[in-house]
Amino acid sequence: MKKIKVLSIFGTRPEAIKMCPLIKKLEQCDEIENLVCVTGQHRQMLDQVLDIFSIRPDYDLNLMKDRQTLTTITTSVLSALETLLKQASPDLVLVHGDTTTSSAAALAAFYQQIPVGHVEAGLRTYDIYSPFPEEMNRKIISQIAELFFAPTVKNRQNLERENIRKNVFVTGNTVIDAFQYTIKENYRYKNEALRLLTFEKKRYILMTAHRRENLGIPLANICRSVLRLVQDHSDVEVIYPVHLNPAVRETVFQIMGDEPRIHLIDPIDVEDMHNIMSKSYLVMTDSGGLQEEGPHFGIPVVVLRTETERPEAVEAGTVVVSGTEENAIYNTVSELLNDQERYSEMAHAVNPYGDGHASERIVREILTWSKTQGLK
């Protein structure tokens, strides 16, 4: 029996975290020939995730360069994939989310007339410059894709508003699936600073902030608000894996570097991140993924942005958007630290991102679609 040849293409750490659980399920399916291509848009951080999931790519384009730009990433991915796609000749290309790798890979597949499946489809802010360039990337992919794997009903409704109704499936988010591979009892942290934390005595806030649109004044506002929060709450400490971008590190260390209860550490791998998140009191982030991950552990998430493409989390009560003004952030987090009833409301809200079986649903829909295409 002819197998369906499915090629998954991704290049960044966040993509890898969400694609690897799906790839493990594709590997287990006897009816699918599973192929993996990484572009290396991120390098070291990407390789860490692949190692954790024991995934060895069939193709590694290794495109990462110093001082790469959106233009150089796009043109490099397009050029490299032209040859690869002709040689591999997959029946379906899978891309994830909203990265530049994903939009370029979808376009490369389109040029070869290969169907595209979009994992995590239908997220929208309706502001093409926020988040930048992610909002436009996902809109581009939506115009190319043939299969749409939407995490939530609201994501499906976003696609319907754009007249995309065929082959749209609500699956849940594959990031929830990843926890079965990363969360471990009696876990020993790889990062030495994390091994020194005393969870029974402190309330720890896990924090990330590095988005392009937050660089400069917004990030400075965020840092000043966090410094005030720690100074005003003696039992609160902050764990902040700081992005390696010099523009981020300069601001962060200048404002918060002298506070001993703010632990500024280098980026950590996904196992350390998921396990430390599971023990944290709350999350402050401008990331997309943490908005989905925190609620799984019953942890309130404060979004350090002016909007979110994950409004279902806000509606479910697991996430609150604080904006990027210093006082607004301080007041939002202070309420959660001081008002136990408000904290409990968020901590016990139902996670809208699924039950950890999104990957299985995606594989099932791929098999059903393949029969309609005469691939089996």
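Sequence positions, counted from 1, serve as the residue numbers for this chain.
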Under the 3.5 angstrom rule, does the side chain of [X] hit a backbone N or O of [Y] as a donor-acceptor pair?
{"X": "D177", "Y": "A358", "answer": "yes"}
{"X": "N275", "Y": "K184", "answer": "yes"}
{"X": "H118", "Y": "G97", "answer": "yes"}
{"X": "T318", "Y": "A313", "answer": "yes"}
{"X": "T368", "Y": "R364", "answer": "yes"}
{"X": "S102", "Y": "H96", "answer": "yes"}

| message | Once side-chain hydrogen bond (donor to acceptor under 3.5 Å, both in side chains) is applied, do any residues pair with R212, and if so which ones, sequence neighbours excluded? | response | none
| field | K18/V119 under side-chain contact (heavy atoms from CB on, under 4.5 Å): CA gap, chis, key distance, verdict | value | CA-CA 9 Å; K18 294 181 176 184; V119 180; over 6 Å; no
Gap separating the [atom1] atom of [X] from the [atom2] atom of [Y], nearest 0.5 angstrom:
{"X": "R249", "Y": "T251", "atom1": "CZ", "atom2": "OG1", "result": "12.0 Å"}
{"X": "S8", "Y": "L26", "atom1": "OG", "atom2": "CG", "result": "5.5 Å"}
{"X": "Q112", "Y": "T83", "atom1": "CD", "atom2": "OG1", "result": "9.0 Å"}
{"X": "I299", "Y": "Y204", "atom1": "CD1", "atom2": "OH", "result": "14.5 Å"}
{"X": "C20", "Y": "I52", "atom1": "SG", "atom2": "CD1", "result": "9.0 Å"}
{"X": "E271", "Y": "R188", "atom1": "CD", "atom2": "CZ", "result": "13.5 Å"}

| task | Please report the closest heavy-atom contact between S370 and I4, naming both atoms and the distance. | result | OG-CD1, 3.1 Å
| message | The test is side-chain contact (heavy atoms from CB on, under 4.5 Å); show your working for S322 and N331 and say whether it passes. | response | CA-CA 9 Å; S322 68; N331 292 336; over 6 Å; no
Would you call [X] and [Y] a salt bridge, using N to O less than 4.0 angstrom?
{"X": "D47", "Y": "R13", "answer": "no"}
{"X": "R124", "Y": "D98", "answer": "no"}
{"X": "E82", "Y": "K86", "answer": "yes"}
{"X": "E312", "Y": "K154", "answer": "no"}
{"X": "K202", "Y": "E237", "answer": "yes"}
{"X": "E31", "Y": "K3", "answer": "no"}
{"X": "E326", "Y": "R228", "answer": "yes"}
{"X": "E120", "Y": "R138", "answer": "no"}
{"X": "E134", "Y": "R211", "answer": "yes"}

| message | Determine whether K2 and D91 satisfy the following criterion, salt bridge (charged side-chain N to carboxylate O under 4.0 Å, His left out), listing intermediate values before the conclusion. | response | CA-CA 11 Å; K2 181 180 182 294; D91 299 306; 3.4 Å; yes
| Pair V248-V242, side-chain contact (heavy atoms from CB on, under 4.5 Å): steps then yes or no | CA-CA 7 Å; V248 174; V242 185; 4.0 Å; yes
| Can you list the steps and then say if T208 with S287 is a side chain to side chain donor-acceptor pair (under 3.5 Å)? | CA-CA 7 Å; T208 69; S287 157; 4.9 Å; no
| task | Would you please test H296 and Y353 for ring pair (Phe, Tyr, Trp, His ring centres under 6.0 Å) and show each step? | result | CA-CA 8 Å; H296 176 78; Y353 295 111; over 10 Å; no
Can a side-chain donor-acceptor contact be found between [Y] and [X] if the only test is distance below 3.5 angstrom?
{"X": "T39", "Y": "T101", "answer": "yes"}
{"X": "E135", "Y": "S130", "answer": "no"}
{"X": "D272", "Y": "Y187", "answer": "yes"}
{"X": "T99", "Y": "E15", "answer": "yes"}

| request: Quick one: name the residues clustered hydrophobically with L159, using the 4.5 Å side-chain heavy-atom rule over I, L, V, M, F, W, Y, and just say none if it's on its own. | output: F148, I164, V168
| message | Between H274 and F179 (judged by ring centroids, cut-off 6.0 Å), do the two rings come close enough to count as a pair? | response | yes
| message | Checking Y281 against L206 for the side-chain contact (heavy atoms from CB on, under 4.5 Å) test, could you report, in this order, the C-alpha distance in whole Å, the side-chain angles of both residues, the deciding distance, and whether it holds? | response | CA-CA 8 Å; Y281 190 75; L206 176 62; over 6 Å; no
